[in-house]
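All ligand and atom numbering here is 1-based and tracks the order in the structure.
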Amino acid sequence: MAKSKTQFVCQSCGSSYGQWSGKCDGCGEWNSLVEDNPTTGIAANPGKQMRKGTPVQLVSLAGESEQAPRIVSGIPELDRVTGGGFVKGSALLVGGDPGIGKSTLLMQASAAIAKQGHKVVYVSGEEAVAQIRMRALRLNAIEPNVGLAAETSIENIIATLENDEPPALLILDSIQTLWTDLADSAPGTVTQVRSAAQAMIRYAKKSGTCVVLVGHVTKDGQIAGPRVVEHMVDAVLYFEGEGGHHYRILRNVKNRFGPTDEIGVFEMSDKGLREVRNPSELFLGERNATSPGAAVFAGMDGRRPVLVEIQALVAQSSLGTPRRAVIGWDTSRLSMVLAVLEAHCGVKLGQYDVYLNVAGGYKILEPAADLAVAAALLSSLCCAALPKDSVYFGEISLSGSTRPVAHAPQRLKEAGKLGFNQASASTASDDDTKKSGMKIDHIKELTELAVKISSMKERSEKLS
Ligand code: TYD
Ligand code: MG
């Protein structure tokens, strides 16, 4: 007979091991492995006879189905990310760093939904009722239709909800503070988080309430504990932002009822979160277009075009190994662009420190920024300011040629809308060029860009 095997499961990230160890290799957490004896599953008891089940009725895939009923919050940036509103009977996980504004966002959403006559229940395991009221007062979000409770026991929460008509929206802030009698471990552990989420998801399906679970994220961007919930819920939203900056991005990473590449942009003010309808204006707000080393990148975040300024400083180094510092972009991608500039364009940067910064604390995630980075670097090196009405986008390959990137028409359209009228890009069909009404410089090799920027310097020298 097969030997029953004991596993050790990390209570922080859910990784499992055959042997106990003091540190989890998956997340680096100490003392988080706990013995877990799998008594279920096929391997647990191979000799046991399978129970005779009852057949279920199969339906045709081609059948008619209703659209998922949704509760629209009336906050367009939030509705865009949820794919057109909260779906009744679904469960949602909202993750983000502590203090990023999850409770603020959900309080504002609760008030907006309650205002339309829906019943909303907000259960906080972190704050007292008086604290939540104070926050709502500041946010101008006092609504009589929002029921408040400061509670952490799942049994008590479900008993409270079953006592009355089920609400349209239920916020549980946060999943890490909830606990159920069914599991013996402490609140916040994987077992508790999983059992609590399971109970609440079951409630959502049964009652038709949309349940929103709030989860705190660890420093490295992982939802600790709540990560195990990700596969159970219908949608996962992340609320992100950069310390010291006011903008916040709500990103959709999983959605069973809509697209996943949507983002919503907000700004944190003293009166709560304010929607930002045009993110590019926010990121280009304080731009000084006449200084060398700044290039505007026409980027895409999910399905949304976002224009950001990339700033570079190339300065003579006094160190043996020159410094390369990057904020808001990938360091290895910068090394690659520098290597291509050296190898294919004859631009020697070995004696220079290179600093790269994406303005406004924004993080660029796509390789299409290569060309804009190269333009900013060349502009700083040549001390020549780039034309202030120009945007850049395109991927650079190791051979020094450029590669086309997706969504060129949307990038050009956004740039045109914001008053830019020329673009240096790796790709643009004639059709796109005509439609955007912009002057487009089609860059096929990085050398062309290097020649163009160095000639700008010569021209400005001749003029002075
Ligand atoms: P909060 O929603 O409590 O964050 P989370 O629930 O994600 O932990 O947000 C708290 C932060 O937001 C806090 O640092 C203060 C700031 N804040 C404002 O700047 N303005 C406001 O109107 C509110 C309510 C909070
Ligand atoms: Mg909170």
Side-chain angles (χ1 to χ4, degrees), residues 73 75 77-78 81-82 86 91-115 120-143 146-152 157 169-179 187-188 192-193 196-197 200 211-227 229-230 233 235-253 263-276 282 285 360-361 363:
S73 71
I75 304 174
E77 290 293 305
L78 176 64
V81 180
T82 50
F86 292 107
L92 217 97
L93 176 68
V94 176
D97 285 319
I100 205 73
K102 300 181 293 297
S103 308
T104 310
L105 175 74
L106 292 169
M107 178 51 77
Q108 286 181 263
S110 302
I113 286 171
K115 212 179 215 155
V120 180
V121 171
Y122 191 108
V123 179
S124 177
E126 295 184 345
E127 288 161 301
V129 168
Q131 269 177 307
I132 309 170
R133 278 212 188 106
M134 251 159 56
R135 184 207 299 264
L137 195 66
R138 210 165 91 192
L139 299 172
N140 202 8
I142 300 279
E143 281 295 328
V146 180
L148 271 190
E151 182 54 68
T152 52
I157 294 171
L169 183 72
L170 168 68
I171 316 272
L172 294 167
D173 188 1
S174 68
I175 183 78
Q176 275 111 333
T177 56
L178 299 182
W179 60 280
Q192 276 291 1
V193 165
M200 292 321 300
V211 173
V212 178
L213 306 167
V214 176
H216 292 292
V217 169
T218 56
K219 285 178 250 62
D220 53 0
Q222 306 270 350
I223 298 189
R227 259 192 80 197
V229 187
E230 274 187 7
V233 292
V236 180
L237 311 182
Y238 279 89
F239 204 37
E240 334 171 316
E242 218 25 67
H245 292 281
H246 294 299
Y247 84 90
R248 303 279 183 267
I249 293 184
L250 185 66
R251 203 180 285 283
N252 191 334
V253 292
I263 62 160
V265 185
F266 297 88
E267 197 176 3
M268 184 61 102
S269 72
D270 55 349
K271 293 222 164 44
L273 291 158
R274 207 179 299 138
E275 291 179 80
V276 177
L282 177 75
K363 263 203 185 73

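Taking both residues in full, the closest heavy atoms of W179 and P187 are given as CB-CG, 4.0 Å, listed atom of the first, atom of the second, then distance.
On a distance-only criterion, M268 and ligand 1 share no N/O pair closer than 3.5 Å. For K102, a nitrogen or oxygen atom sits less than 3.5 Å from a nitrogen or oxygen atom of ligand 1, counting backbone and side chain alike. Considering backbone and side-chain atoms alike, L139 places every N or O at 3.5 Å or more from each N or O of ligand 1.
N252 places a side-chain N or O within donor-acceptor distance of the main-chain N or O of V81, the cut-off being under 3.5 Å. At least one donor-acceptor pair under 3.5 Å links the side chain of E275 to the backbone N or O of E77. No side-chain donor-acceptor contact under 3.5 Å links Y122 to the backbone of L169. At distances below 3.5 Å, at least one donor-acceptor pair connects side-chain atoms of Q131 with backbone N or O atoms of A128. In terms of modelled atom types and a separation under 3.5 Å, the side chain of K102 and the main chain of D97 share a donor-acceptor contact.
Contact annotation: for P98 versus ligand 1, heavy atoms closer than 4.0 Å belong to the backbone alone. In D97, the part holding a heavy atom less than 4.0 Å from any atom of ligand 1 is the backbone. At a heavy-atom distance under 4.0 Å, only side-chain atoms of R135, from C-beta outward, approach ligand 1. Contact annotation for V214 and ligand 1: no heavy atom of the residue comes within less than 4.0 Å of the ligand.
For ligand 1, the atoms lying closer than 4.0 Å to a non-hydrogen atom of D270 are 22 (O).
With a 4.5 Å cut-off on side-chain heavy atoms, T82 and L237 count as touching. Side-chain contact between M268 and I100 is absent, with no heavy atoms from C-beta onward closer than 4.5 Å.
In this structure, E127 pairs ionically with R135, as a charged nitrogen and a carboxylate oxygen lie closer than 4.0 Å.
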- Task: Given side chain to side chain donor-acceptor pair (under 3.5 Å), test E267 with H245 step by step and report yes or no.
- Result: CA-CA 9 Å; E267 197 176 3; H245 292 281; over 6 Å; no

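Protein heavy atom at the shortest distance from atom 23 (C) of ligand 1 is R138 NH2, 3.0 Å. Nearest non-hydrogen protein atom to atom 22 (O) of ligand 1 is G272 N, 2.8 Å. The closest protein non-hydrogen atom to atom 6 (O) of ligand 1 is S103 OG, 2.6 Å. Scanning the protein heavy atoms around atom 4 (O) of ligand 1, the nearest turns out to be G101 N, 3.1 Å. Of the protein's heavy atoms, T104 OG1, 2.6 Å lies nearest to atom 2 (O) of ligand 1. Nearest protein heavy-atom contact of atom 20 (N) of ligand 1 is S269 O, 2.7 Å.
For the residue pair S174 and E126, a side-chain donor N or O sits within less than 3.5 Å of a side-chain acceptor on the partner.
Nearest-heavy-atom check against atom 11 (C) of ligand 1 across G215, S174, G99, S124 picks out G99.
Within the coordination shell of the Mg ion (ligand 2), defined by N, O or S atoms under 2.8 Å, T104 is absent.
Distances shorter than 4.0 angstrom do not occur between any heavy atom of L273 and any atom of ligand 1.
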